[in-house]
Amino acid sequence: MKRIYTILALCGLLLLTGGCGKQKPIVIIPNPVECTPKSGTFTIDGETFLCFENIDGADKSLMKIIRDEYTSTFKITPNLGDEKSARTNYILFKINAKPDNTLGDEGYTLTVKRHRVVATANTPQGLFYAFQTLLQMSYADQLAESKTITLPCAHITDYPRFAYRGAHLDVSRHFFDVKFVKEYLDLMATYKLNKFHWHLTDDHGWRIQIDKYPGLTAIGAWRPERKTWDTLHPVQPEEPMTYGGFYTKDQVRDIIQYAAERYIDIIPEIEIPGHCSAILAAYPQFACDDYPYTVAVGPYWPPKAIMCAGNDDVLTFYQNVLSEIAELFPYPYIHIGGDEAFNDNWQVCPKCQQRIADLKLADEMALQQWLMDQIDHHLQKSGKKAIIWDDIVSDDMVNQSTIMCWQGPDAARTAAKHGNDIILCPTSHCYFNFYQADPETEPLAMTGLITLEKAYTFDPVPDGLDKEQLKHILGGQCNLWTEFINTPEQAEYMLLPRMCALAECVWTPTDRKEWKNFSARTEYHRQMLKKHGFNCH
Ligand code: ACM
Ligand code: ZN
């Protein structure tokens, strides 16, 4: 196996250097907008100075993170100083005194010469990305376990295609601890992803402390531990509730801070009004019926679990929960779910039918639209904005929330025509819980196949949109649903290296994307990820 990787790496090296074996390969993912290789190398050693210029005092965290990563990657404590005090070669990180409009808020330039490396950006975030690129430029030497690390000389200008570059993690179906969430954020930062969509609630567990409703975590976060996940039989009274967990508010604050230091915004998701068995297990009074709801076990859920939209206490519940969420999370966007809300119960519930009659609504779908609008208005009052799954999209919707499209381009087109902002994560390309190779040879996963090559063909822009509508495409993300992913190792296996493909699809201009070239660069990343202990496919 090792030999195969060596051969692949050599082929990749030839491909990336145009056949000239002397030039060091530049294996950056996502591929930068412009990269001009130059001859020569810059040597990183104990003499090298690390310099910062124009870094706002408030962004001390950038300097700290660069220093710490530099030290742990190169096993060298850098000399610190400014450009003038640098006695030998130096690496300078500099915020532009006058903004460079080409670079925007996230772009950077990186110039590697024989005796100096200069990174410039308009913002600390741009410099952070320049540093990620610099680290990746040392991959070839790191893999070769070279005694000295040298960076190939080059000039790079880089900025993202989309402002929204996301990765989603479902922590309900299986719970992932703070350590793993931070690891996930580290991976995102490496690949210049900037939005973490944290799927915190679902049928299989409620995962965040809410002070007003302690039952959500005392009861809703726990279920029986089943050896196999593929059994459909419901929870039995004698089964101990030993599987689960949740994040305390202090842990959440810690994760928010960790993400912010890596320029990642967190979008918490609170599912409304379906996928709510965990809520109903703790607060059965919010259901339309008197079914004995439990936290769900197994990959499926009682599809009739839906919160009663005719019950005012349900609205109050959501408002209270979302007020705590809004207070905790600084990012303006909150995801309020809206997918797969099967409304069978609403069709027969007197309270829901009364609400439909009172409001002269057309049907149960209109009732869901109304409910989501109420929540949206509540969020707006606390300065927040809603993101909703595309299930609510219709020609006559009035809701102006951002729509997250998972079902395909039709809903995206309708939403964009309607003037809603959209984020794309279609099941066809972005569901990394699907198999990535022949199911016969792979561990159990969700039905569906998205190979690395298929993931690489993702383009967040659907056909058929005019210039105005195109402005509503914010970007895209990968989704990691965890019905069949029960350990950090398995999560890494499903995510890597497909996350590399997603990152390139949302960052790199289409004319800089090419499968064979990406595939060769990915070989280096695959090996680096493995070297760092990740369980990469
Ligand atoms: C989804 O996959 N139900 C959003
Ligand atoms: Zn009802």
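In each ligand, atom 1 is the first atom listed, and ligand 1 is the first ligand listed. Every value quoted in this text rests on a predicted model; they were computed, and no experiment measured them.
For the pair H197 (side chain) and E269 (backbone), a donor-acceptor distance under 3.5 Å is absent. Side-chain atoms of Q477 never come within 3.5 Å of backbone atoms of G166 as a donor-acceptor pair (strictly under, hydrogens ignored).
Expressed to the nearest 10°, the angle at the Zn ion (ligand 2) joining SG in C288 with SG in C308 is 110°.
Atom CG of D211 has more than 12 heavy atoms from other residues, nucleotides or ligands within 6.0 Å. Residue-environment remark: NZ (K385) stays at or below the threshold of 12 foreign heavy atoms within 6.0 Å.
For D358 and Q354, the side-chain atoms include at least one donor-acceptor pair closer than 3.5 Å.
The only option from L200, T482, D202, L480 that meets the side chain to side chain contact (heavy atoms under 4.5 Å, CB included) definition with V171 turns out to be L200.
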Give a table of atom pairs where an N or O of ligand 1 lies under 3.5 Å from a protein N or O.
unit_1   : atom_1 : unit_2 : atom_2 : d
ligand 1 : 2 (O)  : Y431   : OH     : 2.6
ligand 1 : 3 (N)  : D339   : OD2    : 2.7
ligand 1 : 3 (N)  : E340   : OE1    : 3.1

